[in-house]
Amino acid sequence: MLDTRYDPRAVEGKIYELWEKSGYFNPDNLPARKTKNLKLKTSAKGGSPPKADAPREHASGGKNFIVYMPLPNVTGSLHMGHALDNVTPDILIRYKRMKGFRTLWLPGTDHAGIATQYVVEKQLKKEGTSRFDLGREKFIARVWEWKKEYGGKILEQLKKLGVSADWSRARFTMDPAYAADVMKAFIHYHKKGWIYRGFRTVNWCPRCGTSLSELELEYREEKTTLYYMKYGPFTLATTRPETKFGDTALAVNPKDARYKRYIGQTLEADSLATDGSLDVPRLKKVKLLVIGDEAVDMAFGTGVVKVTPAHDLVDFEMGVRHKLPTVQVIDERGRMNERVGKYAGMKTSDARKKVAEDMRATGLMVKEEPYDHRVAVCYRCGTIIEPIPSQQWFLKMEKLAEAALAAVKTKKVTITPKNFERPYRDWLTSIRDWTISRQIWWGHQLPVFFCRKKLEAISNNQFLISKQKGERFVVALERPQTCPFCKHCDMEQSPDVLDTWFSSALWPFAGLSEEDKKKYYPGDLVSNAREILNLWDARMIFSGLEFMGKVPFKNILIHGTVLTKEGKRMSKSLGTGADPLEYIEQFGADATRFAVVWQATGQDIRWDEAAAVAGKKFCNKLWNAARFVITHTPAEVFMAKACPRGGTAADKAILKKLAAVAAHTEKHIQMFAFSKALRGLYDFFWHEFCDVYVEQSKKQLADVKLKKGTEAVLAHVLISSLKLLHPFLPFVTEEIYQKLPRRAAGGLLIIVPW
RNA sequence: GCGCCCUUAGCUCAGUGGUAGAGCGUUGCAUUCACAUUGCAAAGGCCGCUGGUUCGAUCCCAGCAGGGCGCACCA
């Protein structure tokens with residue numbers, strides 16, 4: 001009857017289809033009527049339904065159990081990180097579903113502003129065109145096309161892993177309903193006075209043409225030069241001499257005995273002239289204020305720094321503290337601007353060389369030494385970040401951060417493992433206002449409409465911050481019919497879009513129908529990698545509190561990172577990534593899940609293929625043990641009520657061990673110690689049930705007196721094991737369950753109670 | 001700089017205050033009896049180093065060394 005080998009490829013697609021058709025992934029389909037159907041089936045031939053398998057009153061009275069899927073990017077393709085994100089919550093969901101909870105595993109995809117725009121731009125480049133050729137509207141249409149074609153891929157891949165999410169509720173962060181909630185959130189914050197607009201030096205990617213948050217930066221080691229230059233009475237060290245034209249002060253530490261006496265003085269210093277010929281460097285006098293600021297490290301260089309508020313984030317903050325002017329000398333393309341005369345138009349890297357050369361020639365350069373520098377680069381394209389001042393929208397974080405802090409402090413939200421509470425706290429306590437605007441096209445365009453008249457007046461934002469003119473704008477869900485300011489312009493919508501995280505922060509509720517918002521908020525759990533803790537989890541917490549009045553989930557599960565066997569970060573480009581789809585193909589989805597859970601003991605995982613081998617063998621063991629039990633046990637035994645009692649010493653021993661492993665499994669699932677739970681089940685099934693009891697049963701089955709009792713125990717332990725293992729190995733357990741004599745099987749294993 | 005984590009069998013990792021376990025690999029034996037993706041057996045470990053607490057430490061404490069990570073900074 002059953003093949004001697006378990007073949008996942010022949011089973012998984014079919015089983016998944018069975019589940020999807022059942023509708024049980026949708027909590028709305030888990031109520032009593034399904035229960036009735038099952039009862040009809042099991043009682044059709046008379047006799048009472050097997051107690052252990054009788055579905056209990058499901059969702060009707062059941063409690064909710066809701067997991068929010070960590071949003072994969074639409075550009076994403078399944079990798080081990082997703083496997084980690086999704087396997088353990090799926091275990092919980094399946095466990096809770098079987099326990100009678102109304103389970104909702106809420107899936108979706110993130111529009112991933114920069115990432116997606118980047119992918120489509122690359123496509124356009126291949127075609128010899130660009131987004132600028134297309135224009136905004138056509139470009140966005142193009143991205144939507146791309147999304148239609150590829151955006152669902154990642155979700156399909158998750159299905160291959162056996163993820164039992166409610167696909168009927170799958171959302172995309174740019175869906176109209178979702179977008180509407182994003183707009184409402186912006187307007188809500190605006191009404192509270194928490195949104196403001198301001199000039200600020202931000203991390204700017206000259207290639208992507210957008211500002212980036214600190215969390216979107218990556219760092220690269222570079223061998224550069226530390227230049228020691230003369231500035232009036234001082235010598236100071238800098239890696240960026242080309243920004244000297246934007247210097248508006250010199251700073252020393254107020255405790256520094258060497259320089260204390262200069263603080264507050266305005267000094268005259270020689271600097272490079274920016275007029276005349278590039279070939280003939282000349283000097284000119286500049287005046288600079290000396291300030292005292294704690295941010296200056298006395299031990300670095302000479303203890304004096306030049307302050308360039310326009311092109312350095314720390315300097316910008318010093319500038320704010322000391323009311324320094326901001327002089328921009330680098331533009332959005334990463335080139336020197338017209339303020340620097342003869343250096344204008346040069347790329348910063350070229351300007352650096354040229355300025356250094358001119359300083360040598362004019363005697364301003366004291367010395368140069370090699371320097372290992374970590375430069376910030378764009379996480380998308382690797383381009384070196386240029387801090388430049390630009391006009392951005394900010395969200396005040398004070399109150400929101402307070403609320404998010406309190407949520408964890410009062411244990412409304414628990415972070416597992418506990419030691420991640422500290423980075424969470426640290427981030428929130430030292431938080432800066434959130435730069436929520438991005439200068440890209442793909443995303444939620446700000447619901448801000450400017451009067452065109454006023455806009456012109458401030459169109460030049462190249463110069464001093466003090467010259468910025470106020471402007472008039474309306475924040476509204478829809479474009480106003482008439483401009484409330486000039487009464488005749490059609491108003492221009494801000495070209496900026498919101499930071500992608502602004503919209504994903506609303507994930508637990510945005511885009512849900514009003515009914516669902518009532519029914520399925522708040523939820524229970526998110527599970528993700530540690531780097532997402534502040535980027536996403538913290539923001540979901542304060543957004544949930546702000547808009548729904550309750551924390552969105554009780555638990556944050558932080559899982560380890562999957563590394564290569566050598567302990568290196570996996571990288572697709574280096575070909576060192578383990579691809580879950582390949583594992584599914586080679587070993588099966590269950591074996592892949594097994595490998596993930598087996599190894600996910602809390603630490604980072606050095607991925608070892610051996611675990612997938614073990615998983616595959618275990619599935620096969622399960623399969624063959626089931627074969628043995630089915631062929632040696634008459635159909636009616638599977639319908640036996642409840643747990644067999646009494647019997648031989650071996651019977652009693654295995655039943656006792658079954659009870660113990662069931663308790664062990666349940667305890668560890670509840671503690672989120674999935675690996676322990678699985679290992680316990682593995683040992684029990686293989687080494688207790690197969691190695692000991694099944695062998696013993698062969699003798700007992702030959703004994704007429706013991707035959708019946710032995711059959712009952714075999715059937716009972718098998719069915720129980722299938723249930724216990726189902727959350728971990730859903731496909732093979734369901735397939736075996738379907739092969740059991742019909743009346744015992746009833747419907748689907750996924751809703752059979754433990 | 002602040003903080004977190006790791007160091008146990010060839011490899012990847014569990015684990016406990018009383019002188020160690022799994023998976024994979026290796027070696028030997030066993031194939032009509034559910035499964036060779038199997039069974040049985042075996043080899044293989046100063047449980048990173050030093051000191052302390054203890055009757056006793058792989059486990060607790062301190063220090064050191066090596067490795068990894070997060071945050072901040074990087075003029």
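Residue numbering restarts at 1 for every chain, and letters A, B, ... go by the order of the sequence lines. Owing to the predicted nature of the structure, the values given are computational and were not obtained by experimental measurement.
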- Task: Indicate for each nucleotide in nucleotides 5-13 of chain B, in 5' to 3' sequence, whether protein heavy atoms under 4.0 Å reach the base (B), only the sugar-phosphate (S), or nothing (-).
- Result: SS----SSS

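- Among the atoms of the strands shown, only primed sugar atoms or phosphate atoms (P, OP1, OP2) are found under 4.0 Å from some heavy atom of A:Tyr371.
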Acceptor/donor pairs from residues 225-239 of chain A side chains to any protein atom, 3.5 angstrom cut, sequence neighbours excluded:
unit_1: A:Tyr228; atom_1: OH; unit_2: A:Glu369; atom_2: OE2; d: 3.3
unit_1: A:Tyr231; atom_1: OH; unit_2: A:Asp247; atom_2: OD2; d: 2.8
unit_1: A:Thr238; atom_1: OG1; unit_2: A:Arg240; atom_2: N; d: 3.0

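- In this structure, A:Arg539 is positioned above the aromatic face of A:Trp434, its NZ or CZ under 6.0 Å from the six-membered ring centre and within 45° of the axis.
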Counting only pairs under 3.5 Å, give me each side-chain donor-acceptor contact of residues 607-615 of chain A, with atom names and distances, residues two or more places apart or in other chains.
unit_1: A:Trp607; atom_1: NE1; unit_2: A:Tyr583; atom_2: OH; d: 3.0
unit_1: A:Asp608; atom_1: OD1; unit_2: A:Ala610; atom_2: N; d: 3.1
unit_1: A:Glu609; atom_1: OE1; unit_2: A:Tyr583; atom_2: OH; d: 3.3

- Evaluate ring pair (Phe, Tyr, Trp, His ring centres under 6.0 Å) for A:Tyr343 paired with A:Phe245, printing each intermediate quantity in order. CA-CA 10 Å; A:Tyr343 300 104; A:Phe245 308 112; 5.3 Å; yes

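- Here A:Val314 lies in heavy-atom contact (under 4.0 Å) with sugar-phosphate atoms only.
- Look at A:Glu12 and A:Arg9 and you find no salt bridge, because none of the NZ, NE, NH1 or NH2 atoms lies under 4.0 Å from a carboxylate O.
- Sequence neighbours left out, the pairs with a member in residues 706-722 of chain A that pass salt bridge (Lys or Arg N to Asp or Glu O under 4.0 Å) are A:Lys707-A:Glu711.
- Residues satisfying the side-chain contact (heavy atoms from CB on, under 4.5 Å) test with A:Lys287, not counting sequence neighbours, are A:Thr266, A:Glu268.
- In this structure, the separation between CD on A:Glu585 and CD on A:Glu582 is 9.0 Å, given to the nearest 0.5 Å.
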- How does each nucleotide of nucleotides 34-40 of chain B score, in 5' to 3' order, for protein heavy atoms under 4.0 Å: base (B), sugar-phosphate only (S), or none (-)? BB-BSS-

